[in-house]
Peer 1: 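Mind looking over this structure? Questions follow.
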Amino acid sequence: MQLLSRGDAGPPVAEVRAALEEMGILEPTGPGPALFDEQLEQAVRIFQQHRGLITDGIVGPATYRALRDARWSLGDRMLLLNTQAPLTGDDVFALQERLLELGYDSGRADGVFGRQTEQALRSFQRDYGMSPDGMCGPRTLRHLGYLGRKVTGGRPGLLREQERLHRAGPRLSGKRIVIDPGHGGADQGVSVGSGADAVTEAGLVGDIARRLEGRMAAAGMEALLSHGPQDCPTDAERAGFANSAGADVVLSLHVDANASPAANGLAAFHFGTGSGATSTVGEALAGFIHRELLARTRMLDCGVHGRPWELLRLTRMPAVRVEIGYLTNDRDRAALLDPGFRDVVAEGILVAVKRLYLLGQDDKPTGTFTWAEVLQREANRPAAAR
Ligand SMILES: [Zn+2]
């Protein structure tokens with residue numbers, strides 16, 4: 001979709017205006033051409049802040065999805081599994097959160113009515129003496145303790161992520177980061193060459209992980225590696241490690257491969273289901289990492305994407321997976337084999353994490369914030385600002 005910002009006009013702007021007016025965030029203006037004016041920008045910012053989105057006053061895909069999801073409150077419609085076109089919205093999210101609160105595992109609350117949500121709902125219905133039909137209507141809502149009160153606001157889980165981020169403050173010191181080097185042990189991931197000349201994904205990302213770990217420790221952060229070089233835990237085990245460590249952020253490092261030697265470039269991934277639900281803090285962090293690395297290297301832009309992969313879905317904190325180039329591409333491989341390049345990558349990732357905690361309140365252009373400046377800032381800021 002096309003981004004909407006101040007100065008735009010037309011039907012998409014009218015749709016955004018109508019949604020925000022309905023929520024009571026924007027004063028209705030009556031008939032006339034729909035303009036993206038200062039008032040609308042302000043309303044978009046308020047909405048974004050409430051929803052834990054990046055507060056930039058611009059309507060991009062994430063804000064647009066959130067506006068669409070926000071139309072639904074629990075009780076507005078019957079909720080049930082539709083495998084062809086799963087129901088999404090704030091009502092689904094509220095149901096999932098309620099089921100989780102009550103101890104029914106509906107998976108990560110993502111606002112999408114999927115199979116796991118249905119199963120959790122059936123278990124709940126069975127336990128409360130209802131017929132376990134997996135449909136959430138008035139009777140089920142009454143048992144859930146929801147009937148009669150309108151459930152408003154949205155995405156408590158993601159809002160909690162955002163609130164934690166705000167409370168965390170701008171300092172890196174004291175933050176606990178789990179660095180997850182992809183593969184390990186018997187699984188070396190992508191491998192090129194053979195014998196003593198073999199270059200492996202596990203070897204390269206293990207090295208970048210250690211460089212990043214060193215820089216984070218120097219900045220006063222607590223950096224934990226998800227596993228040693230001899231072990232290869234499953235993605236669920238890696239997520240479990242991060243959860244039990246109570247990490248603030250998880251960074252998973254990989255290198256890609258392709259049958260075509262021409263394929264090259266950098267991609268970053270955060271939790272997202274493809275039908276609208278996304279971890280907004282994870283998306284923001286993936287965006288920062290992506291931009292910092294692109295600005296510092298000559299890698300091709302392969303985008304930032306939401307994926308429901310286990311490591312991203314099962315972690316209870318923002319998690320990002322980066323694919324740092326293709327080992328099967330000559331130029332990417334040559335870059336990765338240069339220790340100086342791996343330092344640049346580690347520095348770019350660290351600066352991206354710093355940007356996340358600065359909450360966009362930094363004016364330094366992407367790619368120009370140096371490691372020395374990060375350390376300097378950490379040293380200068382009074383301890384009370386923690
Ligand atoms: Zn990998």
Side-chain angles (χ1 to χ4, degrees), residues 177-194 197-213 223-242 247 249-272 274 279 282-283 285-286 289-290 292-294 297 299-315 318-339 341-342 344-346 348-349 352-353:
I177 311 294
V178 164
I179 305 169
D180 173 46
H183 314 276
D187 168 20
Q188 289 289 297
V190 181
S191 171
V192 171
S194 58
D197 296 332
V199 183
T200 67
E201 177 182 6
L204 286 171
V205 297
D207 176 88
I208 295 171
R210 283 187 295 279
R211 287 170 201 266
L212 185 54
E213 184 190 19
L224 307 170
L225 294 179
S226 61
H227 63 95
Q230 307 309 322
D231 310 311
C232 185
T234 64
D235 275 0
E237 286 164 348
R238 291 168 199 249
F241 173 81
V249 162
V250 178
L251 302 168
S252 187
L253 311 177
H254 287 255
V255 169
D256 220 333
N258 196 283
S260 161
N264 70 103
L266 170 87
F269 302 89
H270 57 87
F271 171 74
S279 156
E283 188 172 354
L285 180 59
I289 292 176
H290 191 65
E292 287 293 338
L293 294 189
L294 286 181
T297 68
M299 279 187 285
L300 181 73
D301 182 350
C302 293
V304 176
H305 312 275
R307 291 285 185 272
W309 296 334
E310 285 217 313
L311 181 79
L312 305 176
R313 181 166 50 85
L314 300 176
T315 39
V320 171
R321 170 169 168 160
V322 259
E323 296 278 350
I324 311 158
Y326 283 72
L327 211 45
T328 42
N329 174 262
D330 287 345
R331 210 180 60 139
D332 278 2
R333 186 172 64 252
L336 282 160
L337 286 172
D338 172 6
F341 175 86
R342 300 199 296 271
V344 167
V345 169
I349 295 175
V353 173

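We count ligands from 1, going down the list as the structure has it; atoms in each ligand are counted the same way. Along the sequence shown, the residues carry numbers beginning at 1.
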Peer 1: Would the distance check show the side chain of Asp332 and the main-chain N or O of Tyr326 forming a donor-acceptor pair, the cut-off being under 3.5 Å?
Peer 2: yes
Peer 1: Under 30°, 30 to 60°, or over 60°: which ring-plane class applies to Trp309 and Phe269, parallel, tilted or perpendicular?
Peer 2: tilted
Peer 1: Determine the minimum heavy-atom distance between Ser226 and Pro181, stating which atoms define it.
Peer 2: OG-CD, 3.6 Å
Peer 1: Can you sort out the partners of Glu213 under side-chain hydrogen bond (donor to acceptor under 3.5 Å, both in side chains), two or more places apart, ordered by chain and number?
Peer 2: none
Peer 1: Side chains of Leu293 and Val345: does their closest heavy-atom pair fall under 4.5 Å?
Peer 2: yes
Peer 1: Starting from the C-alpha separation in whole Å, work towards a yes-or-no answer on side-chain contact (heavy atoms from CB on, under 4.5 Å) for Asp235 and Leu314.
Peer 2: CA-CA 9 Å; Asp235 275 0; Leu314 300 176; over 6 Å; no
Peer 1: With a cut-off of 2.8 Å, which protein N/O/S atoms are close to the Zn ion (ligand 1), if we only count those under it?
Peer 2: His183 NE2, Glu201 OE2, His254 ND1
